[in-house]
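In each ligand, atom 1 is the first atom listed, and ligand 1 is the first ligand listed. All values below were derived from every heavy atom in this structure, side-chain atoms included, with hydrogens, water molecules and symmetry-related copies excluded.
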Amino acid sequence: MSLVIESPLTVNSPVSLTNREDLCLITIDNPPINATSVGVRQGLLNAISEFRRNPKFKAAVIVGAGNTFIAGADIREFGKPMQEPTLPDVIRAIEECEKPIVAALHGSALGGGFELALSCDARVADVKTVVGLPEVSLGIIPGAGGTQLLPRRVGLSRAIRMICGAQRITANDAKALNLIDIVVDGDFLDAAFSFARQMDGKKKRIRDEIVPFEDVSQVQKSIEESLRQGKRRPAVQAAIETIKSAAVLPIDEGLAIERTVFLELRSSHEAYALRHIFFAERDSAKLPKEFFAKPISVETVCVIGAGTMGAGIAISALDAGLHVILLEQDEAALNRGHNRVSSHYLDRVAANKLKPEVADHRLSFLTSTLDWSEIHRADLVIEAVFEALAVKQEVFKKIDQYARKGAVLATNTSYLDIDAIASATSRPQDVLGLHFFSPANVMRLLEVVRGNKTRFEVLATGMALGKRLGKLPVLAGNHFGFIGNRIYNAYRNQCEFMLEDGAWPEDIDIALKEFGMAMGPFSVADLSGLDIAWRMRQTQASNRSPRVRYVDILDRLCEVGRLGRKTNAGYYNYIDGIQQPTSDEIVRSLIEDSSSRRGIKRQVLSSQTIQRRAMLSIVNEAALLMSEGVASRASDVDVVLVHGYGFPRWVGGPVFWARQQNHETLEKEIKILASECGEGFTAANLDVLFDNP
Ligand code: 3H9
């Protein structure tokens with residue numbers, strides 16, 4: 001029986017203390033994630049002190065209320081002055097307590113939450129619990145003992161991989177690593193009480209253990225791998241050094257180093273940028289108030305077109321437990337599409353990433369068909385056919401005939417006009433854009449595009465579906481290229497201007513990779529195929545003003561059959577699939593010819609100039625589309641660029657970057673750039689980026 005005892009804890013404290021016979025239950029109730037905010041820290045100290053003081057308690061269990069243990073420190077506090085007591089104070093109190101304390105884990109035990117659990121004398125976890133120390137993904141290192149306690153249980157090389165890779169692991173995996181004592185599929189709290197009682201008053205502190213011996217070469221391998229994967233970011237480097245100290249220093253010295261490094265990184269620019277993008281990702285998934293509506297329930301999705309994109313969307317939906325109807329126009333295309341989906345699951349099983357029965361279960365939700373009347377069963381239809389307006393309109397006419405009334409009709413276009421597509425139906429209010437990025441089952445970004453007539457319920461359904469698929473849905477207005485492709489277009493144009501002005505493709509690619517972009521723009525163009533952009537440019541040719549600066553290098557490359565990687569030649573040559581470091585003579589002479597036709601005297605552009613011009617063009621386009629209402633929050637632009645276009649996460653996104661610059665200087669530079677780039681580059685008013693959330 002559990003009853004609330006006369007508690008000495010402050011009224012309204014997020015931490016409460018109850019008892020179960022001679023055991024004490026300390027409950028943290030700080031929704032949504034039971035973060036270790038200052039009230040929780042103080043409440044825990046009070047509770048531990050009461051537990052120690054009260055002789056009737058033999059052991060204690062710490063649990064989180066709601067659906068999770070503690071998912072970490074409250075990172076909203078990180079931008080503010082530190083408030084006492086600190087989490088290390090709480091952890092010291094747990095470790096110094098003479099009586100055993102057991103952590104009962106469920107949901108997430110992450111960051112400071114997992115550190116707190118590791119400081120307890122035992123850990124009992126619900127089978128669905130996820131644990132880990134993901135601090136590095138926020139530009140910091142664990143700051144409450146994680147770098148010292150984890151290696152004492154799992155060894156240096158594993159601890160380095162786990163912390164530097166911000167890995168989140170299952171309870172069973174954690175048990176296999178001796179990080180959790182018991183995993184329970186059932187009443188984990190009950191199991192935690194039994195375990196606490198069995199401890200018979202004995203302490204079992206990880207801090208008293210030593211780091212297990214390991215071969216130096218093993219550790220070195222893990223360090224090199226982590227540095228490479230973590231792009232040598234400061235937090236990764238600092239984590240490695242701090243973890244290593246666990247093997248050679250007494251724990252209190254290691255903890256002191258950890259704390260100093262944690263505090264330094266906590267106020268670093270990079271950590272600030274990463275916190276910004278963390279919250280931007282969560283905000284982008286929320287529809288602005290003015291569009292708020294209840295989503296329509298979706299259980300069955302029909303994907304039309306079983307190419308790479310359609311198959312990726314189908315996999316993503318199957319993974320989310322939805323029923324999928326995959327529709328194609330002929331048997332051969334359907335078989336190819338079906339095989340794409342089924343071989344994805346077979347490969348996952350072969351790689352030991354999925355249990356065969358789970359793969360079978362997911363595939364049992366897939367119907368592949370040539371029969372259009374099957375659409376009738378779908379709550380939501382997604383078209384993923386060839387990117388041409390006429391083709392899509394034809395498909396939507398047919399969808400209109402077969403889809404049931406009220407079903408949501410989505411197009412996966414990446415730049416076409418949603419309203420023009422919707423006009424092919426008798427129900428434009430039910431049509432929206434769901435722009436998936438390729439590969440659709442991997443990439444998290446999803447632009448949810450609002451047509452002129454799209455009902456709010458339909459929009460809400462698009463956002464809710466995105467969340468259900470584990471994506472990052474971002475609302476976008478229906479303008480050419482939406483948010484991402486529109487900005488990318490402006491960025492690529494600027495890079496092409498720089499080619500004409502004097503840089504070679506590799507100068508630009510190298511400079512932008514140095515800035516942190518995952519790939520340079522010309523390597524990206526070669527990878528995706530130059531003909532895609534070529535085709536898009538042809539569709540725009542009739543509307544292009546002759547006064548707009550238009551660089552035709554890409555068109556001319558395509559005309560001579562250089563379509564990128566697929567033809568082993570684009571901006572670069574490819575030998576055995578490997579990109580050559582410099583562009584070749586044909587490309588250079590095309591570029592020089594372009595410069596001379598425009599009367600430009602080519603000049604060397606420094607990396608700094610290249611980076612600055614690229615950033616100014618991105619920021620300028622972001623401001624333009626914000627003022628046109630294409631994006632509803634400035635931070636949405638950051639989410640789109642980071643998740644869809646390889647923009648460095650640790651820079652926080654282009655809007656965050658802009659906000660770190662001097663507003664006036666930025667505007668002046670943009671005006672100068674606009675005057676140099678001519679018509680087609682409109683200098684924006686940047687206020688919209690600085691004044692908007
Ligand atoms: C740390 O612990 C440092 C220590 O080593 C050192 C201490 C000294 N703080 O993601 P969701 C909010 S660093 C504040 O949508 P889900 C989030 O903004 C931390 N707020 O839910 C959202 O608010 P809103 C290490 C946070 O179910 C709401 O919670 N820990 C934090 O999809 C729901 O979030 C991590 O890095 C936070 N730490 O996923 C874990 N976390 O509703 C980070 C979340 O107003 N968190 N919020 O938009 C996560 O991975 C996921 O949130 C989690 C839940 C898996 C927990």
Below 4.0 angstrom, counting only protein heavy atoms, does anything approach [atom]?
atom: atom 45 (O) of ligand 1; result: yes
atom: atom 8 (C) of ligand 1; result: yes
atom: atom 24 (P) of ligand 1; result: yes
atom: atom 29 (O) of ligand 1; result: yes
atom: atom 32 (O) of ligand 1; result: no
atom: atom 21 (O) of ligand 1; result: no

Answer with yes or no after comparing the ring centroid distance for [X] and [Y] against a 6.0 Å cut-off, counting only values under it.
X: F365; Y: H361; value: yes
X: H435; Y: F437; value: yes
X: F69; Y: H106; value: no

*E299 and R468: salt bridge (Lys or Arg N to Asp or Glu O under 4.0 Å), yes or no, with the steps?*
CA-CA 11 Å; E299 287 308 322; R468 173 138 182 216; 3.1 Å; yes
Side chains of [Y] and [X]: any donor to acceptor distance under 3.5 Å?
X: T147; Y: E258; answer: yes
X: D638; Y: S635; answer: no
X: S13; Y: N46; answer: no

_Residue D185 excluded, over 12 heavy atoms near CG under 6.0 Å_ = no
Numbering the atoms of ligand 1 from 1, which are under 4.0 Å from a heavy atom of [X]?
X: F262; answer: 6 (C), 8 (C)
X: G72; answer: 2 (O), 30 (N)
X: D74; answer: 9 (N), 14 (C)
X: G111; answer: 2 (O), 25 (C)
X: P142; answer: 5 (O)

*L138 and ligand 1 - part of the residue with a heavy-atom distance under 4.0 Å*: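 Only the side chain of L138 comes within reach of ligand 1.
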*Go through E209 and R153 one step at a time and tell me if the salt bridge (Lys or Arg N to Asp or Glu O under 4.0 Å) criterion holds.*
CA-CA 8 Å; E209 299 171 9; R153 274 285 158 103; 2.8 Å; yes
_To the nearest 0.5 Å, what is the distance between NZ on K175 and OG1 on T170?_
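OG1 of T170 is found 12.0 Å from NZ of K175.
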*asked:* Looking at E241 and K244, is there a salt bridge between them, counting it only when a charged N and a carboxylate O are closer than 4.0 Å?
replied: yes
*Shortest heavy-atom approach to atom 34 (O) of ligand 1 - which of R282, K286, K467*: R282
I'd like to check whether [X] has a polar contact with ligand 1, where a contact means an N/O of the residue lying under 3.5 Å from an N/O of the ligand.
X: R259; result: no
X: E135; result: yes
X: A73; result: yes
X: G112; result: yes
X: G143; result: yes
X: I75; result: yes
X: E115; result: yes
X: I33; result: no

[atom]: which protein heavy atom is closest, and how many Å away?
atom: atom 50 (O) of ligand 1; value: R168 NH1, 2.8 Å
atom: atom 12 (C) of ligand 1; value: P32 CG, 4.2 Å
atom: atom 53 (C) of ligand 1; value: S108 OG, 4.6 Å
atom: atom 56 (C) of ligand 1; value: A71 CB, 3.4 Å

*Any chance you could lay out the salt bridge (Lys or Arg N to Asp or Glu O under 4.0 Å) test for E77 and R41, step after step, and finish with the verdict?*
CA-CA 13 Å; E77 282 183 356; R41 302 196 295 268; 3.0 Å; yes
*Please verify whether a non-hydrogen atom of A35 lies at under 4.0 Å from ligand 1.*
no
*asked:* With a 4.0 Å cut-off on heavy atoms, is G146 in contact with ligand 1?
replied: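 Heavy atoms of G146 never come under 4.0 Å of ligand 1.
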_Can you tell me which residue among W657, W650, F78, F656 is in a ring-ring contact (aromatic ring centres under 6.0 Å, His included) with Y272?_
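Result: among W657, W650, F78, F656, F656 is the only option passing the ring-ring contact (aromatic ring centres under 6.0 Å, His included) with Y272.
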*Under the side chain to side chain donor-acceptor pair (under 3.5 Å) criterion, do N30 and S37 qualify, and how do the steps go?*
CA-CA 8 Å; N30 186 26; S37 320; 2.9 Å; yes
*Would a distance-only check, ignoring hydrogens and angles, find a side-chain to backbone donor-acceptor pair under 3.5 Å from R444 to L472?*
no
*So which of R207, K203, R205, K204 actually passes salt bridge (charged side-chain N to carboxylate O under 4.0 Å, His left out) with E95?*
R207
